[in-house]
Amino acid sequence: LPQERRSLVAQLEDGEAELARLRAVEGDKLAQQDRAAQLEKEVAMLREKIHHLDDMLKSQQRKVRQMIEQLQNSKTVIQAKDSSIQELKERVSYLEAENLEMHDRIEHLIEQQVSRGGHSSRTRSKSEYVSSQRLTGPKPLPLIRVVET
């Protein structure tokens, strides 16, 4: 009996040790499962953050592309306006030169008329004088008088 008891006590101790080992292994498994669940949540959250950041990046890229397109359109408009301004400047220069030439011709005609003594002895009325409009420019242009002969 004592030997059987010792044998049973030894078996009991072995069983309890095995049970403790299994419980420890089970506990480790539960801890690992908890940790795995926590890591899965973190991974899902990080994926969501990455997706959100990708969306923000795409939105920013769209905005930058739109801004670049607007700048290019503005550049084109500015170049067209610069070209128009240059054409107008050239036209104004041409018209100023033409105006000066006409003014010189008229002065020459007036000088010729005065040197010939004129064809009529009557005084000139104001309606015989026609003045040109002044162009706005860097210097005021002289008035042009047209005299009836």
Side-chain angles (χ1 to χ4, degrees), residues 10-149:
Q11 283 179 351
L12 175 68
E13 287 173 355
D14 287 345
E16 284 177 345
E18 179 69 18
L19 184 60
R21 189 182 63 75
L22 286 174
R23 282 185 182 152
V25 168
E26 254 331 280
D28 286 347
K29 281 183 183 177
L30 286 174
Q32 286 176 350
Q33 286 175 348
D34 287 345
R35 180 69 179 143
Q38 182 183 2
L39 288 173
E40 284 176 14
K41 285 179 184 176
E42 286 179 22
V43 165
M45 187 175 65
L46 290 173
R47 280 190 180 133
E48 190 176 320
K49 283 183 180 180
I50 288 170
H51 181 71
H52 179 68
L53 289 174
D54 285 344
D55 287 347
M56 285 177 53
L57 182 62
K58 287 176 186 174
S59 174
Q60 291 297 323
Q61 287 172 338
R62 272 193 305 273
K63 287 179 184 177
V64 168
R65 279 194 298 271
Q66 288 172 346
M67 289 171 63
I68 289 171
E69 188 176 319
Q70 287 176 345
L71 278 172
Q72 289 171 338
N73 291 341
S74 294
K75 246 185 193 176
T76 304
V77 168
I78 288 171
Q79 287 172 346
K81 288 187 178 187
D82 281 347
S83 177
S84 295
I85 289 170
Q86 188 59 38
E87 287 174 19
L88 289 171
K89 282 181 177 179
E90 289 171 7
R91 188 167 179 212
V92 165
S93 294
Y94 172 78
L95 290 173
E96 284 176 343
E98 198 173 69
N99 188 29
L100 285 173
E101 183 182 340
M102 292 182 93
H103 179 62
D104 289 345
R105 283 183 186 175
I106 290 172
E107 276 192 10
H108 178 70
L109 288 173
I110 291 172
E111 285 174 8
Q112 282 182 346
Q113 194 176 34
V114 168
S115 68
R116 280 189 271 157
H119 286 93
S120 90
S121 60
R122 67 183 177 87
T123 45
R124 296 183 181 122
S125 67
K126 286 187 180 183
S127 63
E128 293 182 52
Y129 294 97
V130 179
S131 64
S132 71
Q133 293 180 346
R134 289 187 183 206
L135 295 175
T136 55
K139 62 180 181 182
L141 297 175
L143 294 177
I144 297 177
R145 285 188 230 154
V146 176
V147 179
E148 188 178 304
T149 57

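Numbering starts at 1 and runs along the sequence shown.
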| When rounded to the nearest 0.5 angstrom, what distance separates CD in E98 from CZ in R91? | 10.0 Å
| request: Among residues two or more places apart or on two chains, list those pairs meeting salt bridge (charged side-chain N to carboxylate O under 4.0 Å, His left out) that have a residue in residues 103-112. | output: E101-R105
Name the atoms and distances for all side-chain donor-acceptor pairs under 3.5 Å in residues 54-75, with sequence neighbours left out.
residue: D55; atom: OD2; partner: H51; partner atom: NE2; Å: 3.4
residue: N73; atom: ND2; partner: E69; partner atom: O; Å: 3.4
residue: S74; atom: OG; partner: Q70; partner atom: O; Å: 3.0

| side-chain hydrogen bond (donor to acceptor under 3.5 Å, both in side chains): pairs with one or both residues in residues 21-30, sequence neighbours excluded | E18-R21
| field | Check: S83 side chain, Q79 main-chain N or O, donor-acceptor pair, under 3.5 Å | value | no
| request: Starting at CD1 of I106, measure out to CD of Q113 and round the result to the nearest 0.5 Å. | output: 12.0 Å
| field | Any residue meeting side chain to side chain contact (heavy atoms under 4.5 Å, CB included) with Q38, in chain and number order, not counting sequence neighbours | value | R35, E42
| Atom pair CD1/CD of I50 and E48 - distance to nearest 0.5 Å | 11.0 Å
| With sequence neighbours excluded, residues passing side chain to side chain contact (heavy atoms under 4.5 Å, CB included) with E40 | none
| message | So, using side chain to side chain contact (heavy atoms under 4.5 Å, CB included) as the criterion, who are the partners of E90 when residues are at least two apart? | response | Q86
| query | To the nearest 0.5 Å, how far apart are NZ in K41 and CG in L46? | reply | 14.0 Å
| Residues forming a side chain to side chain donor-acceptor pair (under 3.5 Å) with Q112, sequence neighbours excluded | H108
| task | Report the residues that fulfil side chain to side chain contact (heavy atoms under 4.5 Å, CB included) with Q33, sequence neighbours left out, ordered by chain and then residue number. | result | L30
